[in-house]
Visitor: 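Before anything else, here's the structure in question.
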Amino acid sequence: MEQRHLGRTGLRVSRIGLGTLTWGRDTDEHDAADMLKVFWEAGGTLVDTADVYGDGESEYLLGQLVEGLVPRRDLIISTKAGSVPDPDRRFDGSRGHLLSALDASLARLGTDYVDLWHVHAYDAGTPLEETLHALDLAVSSGRARYAGVSNFCGWQLAKAATWQLAAPGIRTRLASTQMEYSLLQRGVEREVLPASLDLGVGLLPSSPLGRGVLTGKYRHSTPADSRGASEHLAPFVAPYLDETASSIVDAVQTAADGLAVTPLQVALAWVRDRPGVAAPIVGARNARQLTAALSVEALTLPDEICRALDDVSAPLHRYPDHDWSTL
């Protein structure tokens with residue numbers, strides 16, 4: 001698998017990442033082991049998790065598999081901290097919480113360091129410089145090799161990245177930002193992507209298949225074994241089952257038919273090769289699904305197909321978005 005630099009750093013990651021959102025909850029240890037082995041054998045390196053995935057079980061399961069199944073040195077392990085199970089405070093970006101959460105993640109993962117550590121979301125209740133100082137401490141102490149943010153809007157990302165760049169050698173530059181990005185969700189193109197491109201921050205798209213909808217599995221019904229039929233994940237899928245999404249899914253299917261490939265391959269190749277994207281994070285249910293996703297390595301979409309998909313899925317830009325002068 002091709003390797004790409006993550007933002008303006010020396011860290012190289014596989015251009016498809018393996019997501020572990022369901023590990024330890026919907027994905028058991030056997031399926032997880034099969035997927036990790038398939039991913040590694042295909043040349044994949046970037047494995048993404050978070051301290052809240054499965055209430056920590058995702059990290060724990062990944063830690064159990066590393067070394068026994070795949071050498072630790074062959075993986076780029078990415079995790080996140082900052083989301084908290086508190087109805088009154090969804091995010092905690094305080095230095096104390098973040099560093100304690102990192103220590104707990106390392107214990108579950110069974111490793112001395114993570115390659116990439118993200119703040120899971122912006123916390124308006126904590127000064128941003130305090131949140132970012134936790135990243136500096138994590139890197140300077142060797143507990144994290146690189147750092148990034150997740151779910152920061154455009155101005156938040158620009159402020160954070162600029163603050164870090166203001167003191168080179170003292171503050172660690174942001175390597176990455178993780179955001180939802182797909183043909184069904186192109187909101188990052190308004191402000192986040194221009195900021196990341198300008199400031200050298202690599203974009204790691206989550207839900208690159210539109211929460212599974214872009215595979216075409218929901219075109220006519222909801223499969224019984226799909227996330228859309230799952231009690232706790234159905235609300236996650238539902239926003240992309242509307243008429244607008246349906247027209248985009250139909251266009252992806254048309255492109256796939258013309259290229260003699262699958263809708264999954266078309267949708268994943270499109271987002272993988274967008275400017276500024278380092279590696280889409282794919283969350284599969286089993287090794288068969290993951291193998292299907294990894295097969296996109298051999299596919300590059302023709303320019304005319306990309307233009308057609310761009311047109312049918314184009315987000316609505318209004319003042320003062322970054323391209324307002326073209327309206």
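Numbers here simply count residues along the sequence, with the first being 1. Only a predicted model underlies this, so the values are computations on that prediction, with no experimental measurement involved.
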Visitor: Using a strict threshold of under 4.0 Å (side-chain N to carboxylate O), is an ion pair present between Asp34 and Arg288?
Guide: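 No, this pair does not count.
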
Visitor: Please check if the side chain of Thr126 supplies one atom and the backbone of Asp123 the other of a donor-acceptor pair under 3.5 Å.
Guide: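 It does not hold such a pair.
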
Visitor: Side chains of His118 and Thr79 only: does a donor on one sit below 3.5 Å from an acceptor on the other?
Guide: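 Not at all, the side chains of His118 and Thr79 share no donor-acceptor pair under 3.5 Å.
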
Visitor: Got a donor-acceptor contact below 3.5 angstrom from the Arg145 side chain to the Ile76 backbone?
Guide: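 Looks like no, no N/O pair under 3.5 Å.
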
Visitor: For a quick check under 3.5 Å, do Asn151 and Gln156 share a side-chain donor-acceptor pair by atom type?
Guide: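 Distance-only check fails for Asn151 and Gln156.
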
Visitor: Got Thr177 and Leu204 here, is their nearest side-chain heavy-atom distance under 4.5 Å?
Guide: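 Thr177 does not reach Leu204 side chain to side chain.
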
Visitor: Assess whether atom CZ of Arg89 is packed by more than 12 heavy atoms of other residues, nucleotides or ligands within 6.0 Å.
Guide: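 Yes, CZ of Arg89 has more than 12 neighbouring heavy atoms, counting only those of other groups under 6.0 Å.
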
Visitor: With a 4.5 Å limit on heavy-atom distance, are the side chains of Gln64 and Glu29 in contact?
Guide: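 No, side chains not in contact.
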
Visitor: Side chains of Ser295 and Gln265 only: does a donor on one sit below 3.5 Å from an acceptor on the other?
Guide: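 Side-chain D/A pair, Ser295 to Gln265: present.
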
Visitor: Output yes when a side-chain donor or acceptor of Glu180 lies under 3.5 Å from a complementary backbone atom of Arg211, and no otherwise.
Guide: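 Side chain of Glu180 to backbone of Arg211, a donor-acceptor pair under 3.5 Å: no, none is there.
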
Visitor: If we ignore angles and hydrogens, is there a donor and acceptor under 3.5 Å between the side chains of Thr244 and Asp242?
Guide: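 No donor-acceptor contact under 3.5 Å links the two side chains.
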
Visitor: Using a distance-only test with no angle check, is there a side-chain donor-acceptor pair under 3.5 angstrom linking Asp31 and Trp23?
Guide: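 Side-chain D/A pair, Asp31 to Trp23: absent.
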
Visitor: Hydrogens and angles aside, do Thr111 and Arg72 bring a side-chain donor and acceptor to less than 3.5 Å of each other?
Guide: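 Yes.
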
Visitor: So, do Thr20 and Val47 sit near enough that their side-chain heavy atoms are less than 4.5 Å apart?
Guide: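 Yes. Closest side-chain heavy atoms under 4.5 Å.
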
